[in-house]
Visitor: 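Sharing a structure below in structure tokens format, with a few things to ask.
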Amino acid sequence: MLALVDCNSCYASCEQIFRPDLRGRPVVVLSNNDGFVVARSKEAKLLGIGDLEPFFKIEHLLRHHDVAIFSSNYPLYGDISHRVMTTLRDFSPEVEVYSIDEMFLNLQGLREDWVEYGQGIRRTLWRDVRMPVGVGIAPSKTLAKLANRAAKKIPKCDGVCVLDGPQRWQWLQRHIPVDKVWGVGRRLAQRLGEFGIVTAYDLGQANPKILRRRTNINIERTIEELNGSPCFSLEEQPAPKKQIYCTRSFGEKLTELPPLLQAITLYASRAAEKLRAQEYLVTAIHLFLHTSPHEPNYYSRSTVVRCPYPTDDTRLIASLAKGAIRELYRPGHRFMKAGVGLVELVPKTLGQGDLFAIGQPARAGMMMQTLDRVNQRFGSGTLFLGAEGVQKQWKMRQAYRSPAYTTRFEALPVVNI
DNA sequence: TCTGGGGTCCTAGGACCC
DNA sequence: TCTGGGGTCCTAGGACCC
């Protein structure tokens with residue numbers, strides 16, 4: 001058995017931790033660039049505010065109902081997430097951090113009353129972090145996902161749902177549309193519909209071999225999982241990434257080259273940071289930029305540049321990225337977004353293997369190590385390439401951002417006693 | 001005034017080469 | 001009977017997840 005713990009309306013709940021006056025009130029959190037709604041408190045959902053609704057389309061509705069609006073505050077959410085995960089580690093010796101607001105716990109060998117175990121998790125996380133969560137417990141990840149959904153949706157569950165036998169999970173599956181199954185998106189659901197597969201139960205009863213031929217390979221394992229046979233194992237150490245991307249929409253459309261180059265330098269730096277954290281080197285870099293698809297004369301270009309040698313040096317990666325963007329840039333367009341992808345990676349420890357090939361100078365490695373240490377200790381962005389610029393007028397919009405309560409001294413909450 | 005996120009992986013299809 | 005490869009690289013775009 002394993003458990004999936006998932007924070008309720010994660011970002012909205014994070015905001016409510018330091019604003020208890022907002023508990024019981026409608027709260028929404030917007031995506032990067034204040035683009036659309038990515039988190040809604042229970043009360044906001046009751047107002048009929050949908051998931052992923054463009055902010056500009058519903059702003060009037062939010063104002064009308066006096067909804068509290070927040071821009072995304074990732075330093076805050078990341079820190080709260082870390083507290084949640086740390087607390088959860090006390091409940092199982094083997095865990096997988098699946099996303100910023102979800103964790104799988106292996107329950108193997110823990111003989112417990114699962115409902116009480118789940119309620120214990122909920123009580124503890126509320127007491128220690130003030131984070132409300134749902135707990136789904138089942139023999140496979142896919143079932144634990146469904147259980148988690150039920151824990152939140154079915155009032156009788158009171159936040160915990162245990163699927164410990166076929167009767168229970170089959171009953172639930174009959175009430176869940178197939179596109180809510182983990183790994184089944186809109187497109188696949190449509191295809192499955194052509195075979196008469198509409199609910200999660202239909203999928204569980206389908207013939208895996210036949211469906212595999214007609215759709216994709218993963219569907220076979222999903223079917224097994226729906227029947228209680230685990231196929232996706234718990235990954236304590238997630239597999240190394242095959243690609244690392246950093247892409248952003250700009251706060252305002254960019255027409256000139258210099259700010260584009262600044263932005264791409266920042267994205268290259270972020271991607272290189274992640275690359276070093278994974279202890280890999282990059283050999284090929286993907287660059288792209290495009291205008292808004294909602295505007296006429298849509299312009300979109302991308303290219304791949306090869307590195308002279310496998311590298312994790314921010315300076316080299318940024319310089320290659322800038323060179324490529326110069327080539328892709330055309331005046332007269334209003335660019336909305338650009339990005340850097342490190343697309344061919346090799347483990348750092350693999351080494352060169354070629355006596356005559358040029359490798360990355362050792363000094364570069366030391367320089368990057370110093371850069372990372374300073375930024376880890378004093379905060380991301382303490383040391384950065386001058387080419388990023390200082391003003392950064394292209395930064396994303398964050399008109400409603402809350403303070404970094406837990407990660408900046410000057411933003412610490414003040415308590416009046 | 002104008003406004004639609006970000007990350008990862010996969011695949012289709014064309015160009016090019018032997 | 002009718003037909004004619006296969007690999008690699010590149011770009012574009014889609015699918016799915018949170």
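Keep in mind that this is a model prediction, so the values were computed, not measured. Below, read A as the first sequence line, B as the second, and so on, with proteins coming before strands; counting in each chain starts at 1.
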Visitor: For the residue pair A/Asp34 and A/Ser71, confirm or rule out a side-chain donor-acceptor distance under 3.5 Å.
Guide: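 On atom types as modelled, these side chains qualify, holding a pair under 3.5 Å.
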
Visitor: Identify, between A/Lys57 and A/Tyr245, the residue whose nearest nucleotide on DNA chain B lies closer to the 5' end.
Guide: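 It is A/Lys57, whose closest nucleotide lies nearer the 5' terminus.
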
Visitor: Would A/Arg377 and A/Thr382 count as having a side-chain donor-acceptor pair, cut-off 3.5 Å?
Guide: no

Visitor: Using OP1 and OP2 only, check whether a side-chain N or O of A/Thr247 sits under 4.0 Å from B/dG7.
Guide: yes

Visitor: The side chain of A/Leu188 is closest to which nucleotide in this list: C/dC16, B/dG4, B/dG6?
Guide: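 So the side chain of A/Leu188 is nearest to C/dC16.
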
Visitor: Please confirm whether the shortest side-chain N or O distance from A/Ser302 to OP1 or OP2 of C/dA12 is below 4.0 Å.
Guide: yes

Visitor: When you check the phosphate oxygens OP1 and OP2 of C/dC18, does a side-chain N or O of A/Trp182 lie under 4.0 Å from one of them?
Guide: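 Answer yes for this pair, as a side-chain N or O of A/Trp182 is under 4.0 Å from OP1 or OP2.
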
Visitor: Check this for me, if you would: do A/Asp128 and A/Arg83 make a salt bridge, where the nitrogen-to-carboxylate-oxygen distance has to be below 4.0 angstrom?
Guide: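 Salt bridge between A/Asp128 and A/Arg83, a charged N being under 4.0 Å from a carboxylate O: no.
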
Visitor: What stems show up for DNA chain B when you take Watson-Crick pairs (N1-N3 plus N6-O4 or O6-N4) and G-U wobbles (N1-O2, O6-N3), both under 3.5 Å, and require three or more consecutive pairs?
Guide: B:5-18 with C:5-18

Visitor: Does A/Ser249 make a side-chain N or O approach to OP1 or OP2 of B/dG6 shorter than 4.0 Å?
Guide: yes

Visitor: Scan side-chain atoms only and decide if A/Thr265 and A/Gln262 contain a donor-acceptor pair under the 3.5 Å cut-off.
Guide: no

Visitor: Just how far, in rounded Å, is P of B/dG5 from CD1 of A/Ile100?
Guide: 18 Å

Visitor: Which listed nucleotide (B/dG7, B/dG5, C/dA12) is nearest to the side chain of A/Arg301?
Guide: C/dA12

Visitor: Any side-chain N or O of A/Lys337 under 4.0 Å from OP1/OP2 of B/dT3?
Guide: no

Visitor: For A/Met336 and for A/Pro240, locate the closest nucleotide of DNA chain B by heavy-atom distance; then report the residue assigned to the nucleotide nearer the 5' terminus.
Guide: A/Met336

Visitor: OP1 or OP2 of B/dG6 versus the side-chain N and O atoms of A/Arg248: is any pair under 4.0 Å?
Guide: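 Result: yes.
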
Visitor: Closest approach to the side chain of A/Thr303, judged atom by atom: which nucleotide of C/dT11, B/dG4, B/dG6 is it?
Guide: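 Within the option list, the nearest is C/dT11.
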
Visitor: Looking at A/Lys141, I'd like to know whether one of its side-chain N or O atoms comes within less than 4.0 Å of OP1 or OP2 on C/dC17.
Guide: no

Visitor: Examine the side chains of A/Glu388 and A/Ser269 and answer whether a donor and an acceptor come within less than 3.5 Å of each other.
Guide: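 There is such a pair between these side chains.
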
Visitor: Do the two ring centres, one from A/Tyr400 and one from A/Phe70, sit under 6.0 Å apart?
Guide: no

Visitor: Choose from B/dT8, B/dG7, B/dG4 the nucleotide whose nearest atom is closest to any side-chain atom of A/Gln243.
Guide: B/dT8

Visitor: With respect to the side chain of A/Lys253, which nucleotide from C/dC10, B/dT3, B/dG5 is positioned closest?
Guide: B/dT3

Visitor: Taking CZ from A/Arg397 and P from B/dG5, how many angstroms apart are they, rounded to a whole number?
Guide: 9 Å

Visitor: For the pair made of OH in A/Tyr298 and P in C/dA12, what is the distance, rounded to whole Å?
Guide: 9 Å

Visitor: Under the side chain to side chain donor-acceptor pair (under 3.5 Å) test against A/Asn106, which residue among A/Glu236, A/Glu96, A/Glu94 passes?
Guide: A/Glu94

Visitor: Is the distance from OP1 or OP2 of B/dG7 to the nearest side-chain N or O of A/Arg270 less than 4.0 Å?
Guide: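 For B/dG7, neither OP1 nor OP2 has a side-chain N or O of A/Arg270 closer than 4.0 Å.
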
